[in-house]
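Residue numbers count from 1 along this sequence.
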Amino acid sequence: QVHLVESGGGVVQAGGSLKLSCAASGRTSSGHAMAWFRQAPGGERDFVAAIAWSGGGTYYSHSAQGRFTISRGNAKDTVYLQMNGLKPEDTAVYYCAAGGRLAGTASFYDYWGQGTQVTVSS
């Protein structure tokens, strides 16, 4: 079992930056890939970015590419999402997820956090 807790959400103006964190506890030595997804009101849970257990492989959605950066802490039990150049359409609840493979599909992830709200004002 892996327990995930997100933090770092908030309200920011368009063009601003936020850094989300996800702290993992439990069976974090099991080599999980970790990812960020987001869900806007009335929308589906969409993939944002993912990173391999080793931290050497990353994968981004088209909307995140070039603006967001996913990274892992040295202990591999923390994952970050640095978000720059935020747009109002980035407003959503952001969820951290852990799973057995690096993928952009929610069904490949077994563990999920409770989410953190990001609001970008225009």
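- For Gln114 (side chain) and Glu6 (main-chain N/O), no donor-acceptor pair under 3.5 Å exists by modelled atom type.
- Every pair tested for disulfide bond (SG atoms under 2.5 Å apart) that includes a residue from residues 56-85 fails, sequence neighbours excluded, so the list is empty.
- In this structure, Asn84 and Ser17 approach most closely via the heavy-atom pair OD1-OG, 2.9 Å.
- To the nearest 0.5 Å, the span separating CG on Leu20 from CZ on Phe68 amounts to 8.5 Å.
- Cluster membership check: Tyr80 does not share its hydrophobic cluster with Val118, using side-chain heavy-atom separations under 4.5 Å among Ile, Leu, Val, Met, Phe, Trp and Tyr.
- With contacts defined as side-chain heavy-atom distances shorter than 4.5 Å, the pair Leu81/Val48 qualifies.
- Contact of the Leu4 side chain with the Met34 side chain is registered, since non-hydrogen atoms from C-beta on lie closer than 4.5 Å.
- Put simply, the side chain of Thr116 gets close to the backbone of Gly9: a donor and an acceptor are under 3.5 Å apart.
- Residues Thr91 and Gln117 have side chains in contact (heavy-atom distance under 4.5 Å, counting atoms from C-beta outward).
- Evaluation of the side chain to side chain donor-acceptor pair (under 3.5 Å) rule for Arg67 yields Asp90 as partners, not counting sequence neighbours.
- Hydrophobic clustering keeps Val120 apart from Tyr95 (ILVMFWY residues linked when any side-chain heavy atoms are closer than 4.5 Å, directly or through intermediates).
- Remark: Thr78 pairs with no residue by the side chain to side chain donor-acceptor pair (under 3.5 Å) rule, at least two apart or across chains.
- Scanning all heavy atoms of the two residues, the minimum distance from Ala14 to Ser122 falls at CB-CA, 4.4 Å.
- The closest side-chain heavy-atom distance from Val79 to Ile70 is below 4.5 Å.
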side-chain hydrogen bond (donor to acceptor under 3.5 Å, both in side chains) between Ser63 and Ser61, worked out: CA-CA 5 Å; Ser63 62; Ser61 69; 3.2 Å; yes
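- Atom OG in Ser25 sits 8.5 Å away from atom CG in Asp77 (nearest 0.5 Å).
- In this structure, the separation between CD on Gln13 and OG1 on Thr119 is 13.0 Å, given to the nearest 0.5 Å.
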Worked check of side-chain contact (heavy atoms from CB on, under 4.5 Å) between Tyr94 and Gln39: CA-CA 7 Å; Tyr94 283 69; Gln39 188 166 16; over 6 Å; no
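- The backbone N or O of Lys19 sits nowhere less than 3.5 Å from a side-chain atom of Gln82 that would complete a donor-acceptor pair.
- Under a 3.5 Å cut-off, the side chain of Arg45 and the backbone N or O of Ala40 do not form any donor-acceptor pair.
- Considering only heavy atoms from C-beta on, Tyr59 stays 4.5 Å or farther from Ile51 through its side chain.
- Among residue pairs with one or both ends in residues 102-122, those qualifying as ring pair (Phe, Tyr, Trp, His ring centres under 6.0 Å) are His32-Tyr111, Phe37-Tyr109, Phe37-Trp112; sequence neighbours excluded.
- Sorted by first and then second residue, the disulfide bond (SG atoms under 2.5 Å apart) pairs with a member in residues 46-107 read Cys22-Cys96; sequence neighbours excluded.
- Closest approach of Ala103 and Ala50 over heavy atoms only: O-CB, 3.9 Å.
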Go through the steps to decide whether Trp53 and Leu102 satisfy the test side-chain contact (heavy atoms from CB on, under 4.5 Å), and finish with yes or no. CA-CA 9 Å; Trp53 166 252; Leu102 186 67; over 6 Å; no
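- In this view, Ser71 satisfies the side chain to side chain donor-acceptor pair (under 3.5 Å) rule with no residue, not counting sequence neighbours.
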